[in-house]
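Taking it in order: structure first as structure tokens, then the write-up.
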Amino acid sequence: MEEKQTNTNKLSTVQQQVLNILEVCVEIMERHHIHYFMQGGTMLGAVRHGGYIPWDDDVDLGLPRKDYDRFLAIVEKELPPEMKLRTYWDESDHRYYFSRVVDTRYHVKRTGSAEERVEEVWLDLFPLDGMPRSPFGRNVHKVRLMHARLRYSLANVRRLNVKRPDRKLIEKIIIRAALLTGIGSKRDVKTCLDEIDTLLRKYPIEKSNWIINFMGQTTYQFTELLPKSVYGKGKKYRFEHLMLEGPEQYDTYLKKLYGDYMTPPAEADQNAHAIESVDEEQEA
């Protein structure tokens, strides 16, 4: 199957702002020989559109754990003044396990959760980790991870995007119930994320036959758990004017995440992040 690289859409303001962050970060990664792979909708956009999915607004990169840690250790010294690193252990209001590089000049309003909020425009960075080699060990580790993720989700429930088109009905019910009852609201989010961090670091990719992006959007189905061979050493794909690394076996990767990935979703299932540009509102 040939990947399509035919994106001729004019980029939105937010897409261009994120692309600027991406270009800066990829240059730093490549200069320091830090490995990365496009993830999720970014990989889908590269294959199906040659860049952004027209209605999407963010970019996701996954870095093998050692590269992820090395990038976080150096990137703040290399970023331009307007861009900052956000991690769950810093002093910002960042409450996600994965990290972000943000542009502090630009902002969007998140409208998909109980707690509407304004955030800086971002590039998402996910750690890629290993899993136990044996089926039994993987299943046990999955249960532990899911328990830890559930505790985190309950503690962070007011920020969960209940309007995501791909969110399962049972997840929406749990979120609504948690909002009504306040279950988990007294838990400390960063303590929950420390627990997830300890579990994910337990199985290095180098000693595993598997790679998982556990904190991606499809966590609960473990669709982002794939054999290491699917990623391979990486392959270049066009994303707008850039050539970015993605999994070698892109067809296997995208079918695992999306099924019939070449067929776009219905219009009602687009704009999964439910965001609005604040800066454009202020300029109007």
Legend entry - Contacts of Glu120 that satisfy side chain to side chain contact (heavy atoms under 4.5 Å, CB included) - sequence neighbours left out: Arg86, Val102, Thr104, His107
Inset, instruction - Please assess Lys202 against Arg144 for the test side-chain contact (heavy atoms from CB on, under 4.5 Å), listing each intermediate value before the final yes or no. - result: CA-CA 12 Å; Lys202 192 172 181 180; Arg144 290 171 177 161; 3.7 Å; yes
Legend entry - Heavy-atom closest pair, residues His32 and Glu78: NE2-OE2, 2.9 Å
Inset, instruction - Output yes when a side-chain donor or acceptor of Asp67 lies under 3.5 Å from a complementary backbone atom of His35, and no otherwise. - result: yes
Inset, instruction - Apply side-chain contact (heavy atoms from CB on, under 4.5 Å) to the pair Phe214 and Glu224, showing each step before the final yes or no. - result: CA-CA 7 Å; Phe214 180 65; Glu224 294 185 62; over 6 Å; no
Legend entry - Residues Lys235 and Glu245 bridged, charged N to O under 4.0 Å: no
Inset, instruction - Ignoring hydrogens and angles, tell me if any N or O in the side chain of Asn139 forms a donor-acceptor pair with the backbone of Pro135 under 3.5 Å. - result: yes
Inset, instruction - State, yes or no, whether a side-chain contact exists between Val101 and Leu79 at a heavy-atom distance under 4.5 Å. - result: yes
Inset, instruction - Check for a donor-acceptor pair, side chain of Lys228 on one end and backbone N or O of Ile205 on the other, with a separation under 3.5 Å. - result: yes
Legend entry - Trace of the side-chain hydrogen bond (donor to acceptor under 3.5 Å, both in side chains) decision for Ser99 with Tyr88: CA-CA 7 Å; Ser99 300; Tyr88 83 83; over 6 Å; no
Inset, instruction - Could you tell me whether Lys142 sits above the aromatic face of Phe222, with NZ or CZ closer than 6.0 angstrom to the six-membered ring centre and within 45 degrees of the axis? - result: yes
Inset, instruction - Keeping the roles fixed (side chain from Thr42, backbone from Asp60), state whether a donor-acceptor pair exists under 3.5 Å. - result: yes
Inset, instruction - Of all the heavy-atom pairs spanning Phe71 and Ile28, show the shortest one and how long it is. - result: CE1-CG2, 3.9 Å
Inset, instruction - For residues Gly45 and Ile53, report the shortest heavy-atom separation together with the two atoms involved. - result: CA-CG1, 3.7 Å
Legend entry - Side chain to side chain, Val121 and Asp58, heavy atoms closer than 4.5 Å: no
Legend entry - Min side-chain heavy-atom separation Leu128-Ile212 under 4.5 Å: no
Legend entry - Interatomic distance, Ile21 atom CD1 to Gln16 atom CD [nearest 0.5 angstrom]: 11.0 Å
Legend entry - Side chain Gln39, main chain Gly216, donor-acceptor under 3.5 Å: no
Legend entry - Residues Lys190, Asp194: salt bridge by 4.0 Å N-O rule: no
Legend entry - CA sep, side-chain torsions, deciding dist, call: Phe239, Tyr52, ring pair (Phe, Tyr, Trp, His ring centres under 6.0 Å): CA-CA 7 Å; Phe239 189 90; Tyr52 279 106; 5.2 Å; yes
Legend entry - Aromatic ring proximity Phe37/Tyr231, centre distance under 6.0 Å: yes
Inset, instruction - Determine yes or no for a side-chain-to-main-chain donor-acceptor pair under 3.5 angstrom, with Lys256 supplying the side chain and Leu225 the backbone. - result: yes
Legend entry - Pair Tyr203-Asp129, side-chain donor/acceptor within less than 3.5 Å: no
Inset, instruction - Hey, could you give me the CG/NE2 distance between Leu200 and His141, rounded to the nearest 0.5 Å? - result: 6.0 Å
Legend entry - Row check, Tyr96 ring normal vs Arg100 NZ/CZ: under 6.0 Å, within 45°: yes
Legend entry - Polar side-chain atom of Ser134 near backbone of Gly137 as donor-acceptor pair, under 3.5 Å: yes
Legend entry - Neighbour count above 12 (heavy atom, 6.0 Å) for His147 NE2: no
Legend entry - Closest heavy-atom pair and its distance - Glu206, Lys66: OE2-CD, 3.6 Å
Inset, instruction - Check whether any side-chain N or O of Tyr253 sits under 3.5 Å from a backbone N or O of Gly40 as a donor-acceptor pair, and report yes or no. - result: yes
Legend entry - Met29 vs Leu61 side-chain heavy atoms within contact, under 4.5 Å: yes
Inset, instruction - Could you grab the distance from atom CG of Leu22 to atom CG of Asp124, nearest 0.5 Å is fine? - result: 11.5 Å
Inset, instruction - Check side chain to side chain contact (heavy atoms under 4.5 Å, CB included) between Glu76 and all other residues, then give those that pass, not counting sequence neighbours. - result: Leu85
Inset, instruction - May I ask you to test the Tyr152-Ile196 pair for a side-chain heavy-atom distance under 4.5 Å? - result: yes
Inset, instruction - Assess whether side-chain contact (heavy atoms from CB on, under 4.5 Å) is satisfied between Val18 and Asp57, documenting all intermediate values. - result: CA-CA 8 Å; Val18 176; Asp57 46 56; over 6 Å; no
Legend entry - Arg65 side chain to Pro127 backbone, donor-acceptor under 3.5 Å: no
Inset, instruction - With rounding to the nearest 0.5 Å, note down the distance linking CG in Leu254 to CD in Gln249. - result: 11.5 Å
Legend entry - Stepwise side-chain contact (heavy atoms from CB on, under 4.5 Å) test for Met43 and Val47: CA-CA 6 Å; Met43 188 65 202; Val47 171; 3.9 Å; yes
Inset, instruction - Anything under 30° is parallel, anything over 60° is perpendicular, the rest tilted; go ahead and classify Phe98 against Phe126. - result: tilted
Inset, instruction - Is it possible for you to say whether Met262 and Trp55 belong to one hydrophobic cluster, with membership spreading through side-chain heavy-atom contacts below 4.5 Å? - result: yes
Inset, instruction - State the CD-CG distance between Glu82 and Asn20, to the nearest 0.5 angstrom. - result: 9.0 Å
Legend entry - Main-chain N/O of Pro204 paired to Ser208 side chain as donor or acceptor, under 3.5 Å: no
Legend entry - Test item: Thr87 and Asp90 side chains (from C-beta on) under 4.5 Å apart, heavy atoms: yes
Legend entry - 4.5 Å side-chain heavy-atom contact, Met38 and Leu244: yes
Legend entry - Straight-line distance of Asp197 CG to Met215 CE, nearest 0.5 Å: 10.5 Å
Legend entry - Over all atoms of both residues, closest heavy-atom pair of Val108 and Trp122: CG2-CZ3, 3.5 Å
Inset, instruction - Indicate the atoms forming the closest heavy-atom contact of Leu19 with Leu11, along with that distance. - result: CD2-CD1, 3.7 Å
Legend entry - Note, Met146 side chain near Val143 side chain (heavy atom, < 4.5 Å): no
